There are 2 protein chains.
Amino acid sequence: MRRPFHHGNLRAVLLEQAEVMLRDQGVDGLSLRELARQAGVSHGAPRSHFIDRQALLDALAEQGFDRFTDQIRAALAIPGPIRERFRSVGRAYVDFSVDNAALMELMFAAKSSQSSGPVHNAAARFFAVLDGAMPDPPGGDHDDDLRTRFKLLFAATMQGTATLITAQRITREQGQRIIDDAADALRSSELGAHVLSSLEGTG
Amino acid sequence: MRRPFHHGNLRAVLLEQAEVMLRDQGVDGLSLRELARQAGVSHGAPRSHFIDRQALLDALAEQGFDRFTDQIRAALAIPGPIRERFRSVGRAYVDFSVDNAALMELMFAAKSSQSSGPVHNAAARFFAVLDGAMPDPPGGDHDDDLRTRFKLLFAATMQGTATLITAQRITREQGQRIIDDAADALRSSELGAHVLSSLEGTG
DNA sequence: ACCTGAACACCGTTCAAGT
DNA sequence: ACCTGAACACCGTTCAAGT
């Protein structure tokens, strides 16, 4: 029972194994030839599905953004007051980032910050959902600039917390505490007061 | 006038060129053989100064932490009220991180988060100086846990801001705004009130 | 349309040998 | 102590040829 000439499933298998390899060995350890070996095909075979190594990394980044988006969406689905929403999103953001550290590097790499293409679109979808963490106030008389500043401040805190945990400078527990403190500090800040006043009781 | 057998300066030259290469091509583009070529030595020569590629990367990370430390120290040297100190440190942190993005990756890589060795020590010195952004209150009756939480929250915000700029998700100007907003939000927060009350008028 | 396999130009690492 | 240069085992990429 020899393998057929056509694998039939190669692209999916390569992506799946690539993710395992990425997690275990990091980006540097991700080898196309090793991937081909594991899939039982010749080293030239991946070329039919990914034009080069970067194309495979881009596909991983795209997939990563989609999964990340799902996680944030799930966190947003949990009902509760606005403070609880932020904590919930923060937890989801940090957890995903820490559990997929090497993947996050790919996703946020300058290379992947393309101005078009599938990765760009997946990233755009992600940030759109993340924006949903703070729904538009019912009135509509909000200051868009203040809202942006508020959101970016929280996004930066989440991202930084994730980086510090991944770099093993702080523990996961300390990271969780940072998120909680950030949610509190933001709420009680002048910036937060402006932005959140019209949202109280929304979630 | 042929080159002498002993380069005499090879280690320093390799490190210097490696930093240029790191900035221009990223970590992936940093090749020992290319480095040797530029220095006019054989490809085996670097071995006498760096046992392997990672050893050179570690040396770069160590150097990076030392320079980063200097930048933070310079920012702290500027006199002013505590709010201004935080803005100043934040600017320095973000500027260095963005201007040395590839180097920062090395410095914060899990590989470099060693429990001993020169890199670990350089990192420890850095974080000690960063701690100095918030000097011990004169009274001494402060809550150490609250201070730690306060510092980590600000550190996470700086780090996250830098990452978002490097990933080209936000502009440098937006990043600067985040730092300013963070300084304000922290100050007016309950956490900030507890921690900073005994420090007002210190700087 | 998908895969093979040789070929090419790169790597990092090792190590005996030279100065 | 420092450097050379051959050797080895890996890469990614290209491309004619096979099915």
Side-chain angles (χ1 to χ4, degrees), chain A residues 1-61 102 105-106 109-112 114 119, chain B residues 1-61 102 105-106 109-112 114 119:
Chain A
M1 183 171 165
R2 279 163 66 255
R3 273 194 179 285
F5 180 81
H6 284 84
H7 186 286
N9 205 18
L10 187 56
R11 201 193 124 97
V13 168
L14 287 175
L15 273 177
E16 199 174 343
Q17 272 303 313
E19 227 187 315
V20 176
M21 226 160 146
L22 182 66
R23 196 181 301 277
D24 293 354
Q25 321 257 40
V27 207
D28 299 348
L30 210 167
S31 151
L32 282 182
R33 285 176 106 107
E34 177 61 27
L35 235 38
R37 248 174 260 127
Q38 289 179 8
V41 293
S42 78
H43 68 262
R47 226 315 173 73
S48 301
H49 302 281
F50 304 102
I51 183 69
D52 58 15
R53 205 181 96 110
Q54 188 58 48
L56 187 146
L57 298 184
D58 286 348
L60 286 174
E105 261 184 65
L106 285 188
K111 291 169 203 161
S112 294
Q114 307 157 75
V119 184
Chain B
M1 185 170 164
R2 281 165 64 256
R3 273 193 180 284
F5 182 82
H6 284 84
H7 186 285
N9 204 18
L10 186 56
R11 201 193 125 97
V13 169
L14 287 175
L15 273 177
E16 200 174 342
Q17 271 305 313
E19 228 188 313
V20 176
M21 225 160 147
L22 182 66
R23 196 181 302 276
D24 293 353
Q25 321 257 41
V27 207
D28 298 348
L30 210 167
S31 149
L32 282 182
R33 285 176 106 109
E34 176 62 26
L35 235 37
R37 246 175 261 127
Q38 289 179 9
V41 294
S42 78
H43 69 260
R47 201 41 191 345
S48 301
H49 303 280
F50 304 101
I51 184 68
D52 58 16
R53 206 179 97 109
Q54 186 58 46
L56 187 145
L57 299 184
D58 286 348
L60 285 175
E105 261 184 64
L106 284 187
K111 291 168 202 160
S112 293
Q114 307 156 76
V119 186

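FYI, side chains are in, hydrogens and waters are out, and symmetry mates aren't considered; it's all heavy atoms of this structure. Protein chains get the first letters and strands the later ones, always in sequence-line order, with residue 1 at the start of each. The model shown is predicted, which means the values in this text are computed figures rather than measured ones.
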> Can a side chain N or O of A:Ser31 be found less than 4.0 Å away from OP1 or OP2 on D:dC10?
Replying inline: no
> For B:Arg37, which contact category applies under a 4.0 Å heavy-atom criterion: base, sugar-phosphate, or nothing?
Replying inline: sugar-phosphate
>> Under 3.5 Å for both pairing distances: what stems, at least three Watson-Crick or G-U pairs long, include DNA chain C?
In response: C:4-8 with D:12-16, C:12-16 with D:4-8
> How far does CG of A:Leu56 sit from CZ of A:Arg53, to the nearest 0.5 angstrom?
Replying inline: 8.5 Å
> Rounded to the nearest Å, what distance is computed from the CD atom of residue B:Gln54 to the C1' atom of nucleotide C:dC11?
Replying inline: 16 Å
>> By nearest heavy atom, map B:His49 and A:Glu34 onto DNA chain D; which one lands nearer the 5' end?
In response: B:His49
>> How many whole angstroms separate atom CZ of A:Phe50 from atom P of D:dT14?
In response: 16 Å
> Could you give the distance from CG (A:Leu10) to CG (A:Leu35), rounded to the nearest 0.5 Å?
Replying inline: 9.0 Å
>> Can you measure B:Asp52 atom CG to D:dA9 atom P for me and round it to whole angstrom units?
In response: 20 Å
> Whole Å only: how far is the CG atom of A:Leu35 from the C1' atom of C:dC3?
Replying inline: 16 Å
> Roughly how many Å is it from CD in B:Gln38 to P in C:dC11, rounded to a whole number?
Replying inline: 11 Å
> A:Leu56 has an atom CG; how far is it from atom P of D:dT13, in whole Å?
Replying inline: 10 Å
> At what distance, to the nearest 0.5 angstrom, does OG of B:Ser42 lie from CZ of B:Arg33?
Replying inline: 9.5 Å
> In whole angstroms, how far is the P atom of D:dT13 from the CG atom of B:Asp28?
Replying inline: 12 Å
>> Both A:Ser48 and B:Ile51 contact DNA chain C. Which one's nearest nucleotide lies toward the 5' end?
In response: A:Ser48
> Which of the following nucleotides, C:dG12, D:dT13, D:dC3, is nearest to the side chain of B:Leu32?
Replying inline: C:dG12
>> For D:dT14 and A:Arg47 - does any side-chain N or O of the residue sit under 4.0 Å from the phosphate oxygens OP1/OP2?
In response: yes
Shorter than 3.5 Å, N or O on both sides, protein versus nucleotides 5-8 of chain D: list them out with atom names.
from, atom 1, to, atom 2, distance (Å)
D:dA6, N6, B:His43, NE2, 2.8

> Rounded to whole angstroms, how far apart are CG on A:Leu14 and P on C:dC3?
Replying inline: 9 Å
> What is the nucleic acid contact for A:Leu30, judged by heavy atoms within less than 4.0 Å: base, sugar-phosphate only, or nothing?
Replying inline: sugar-phosphate
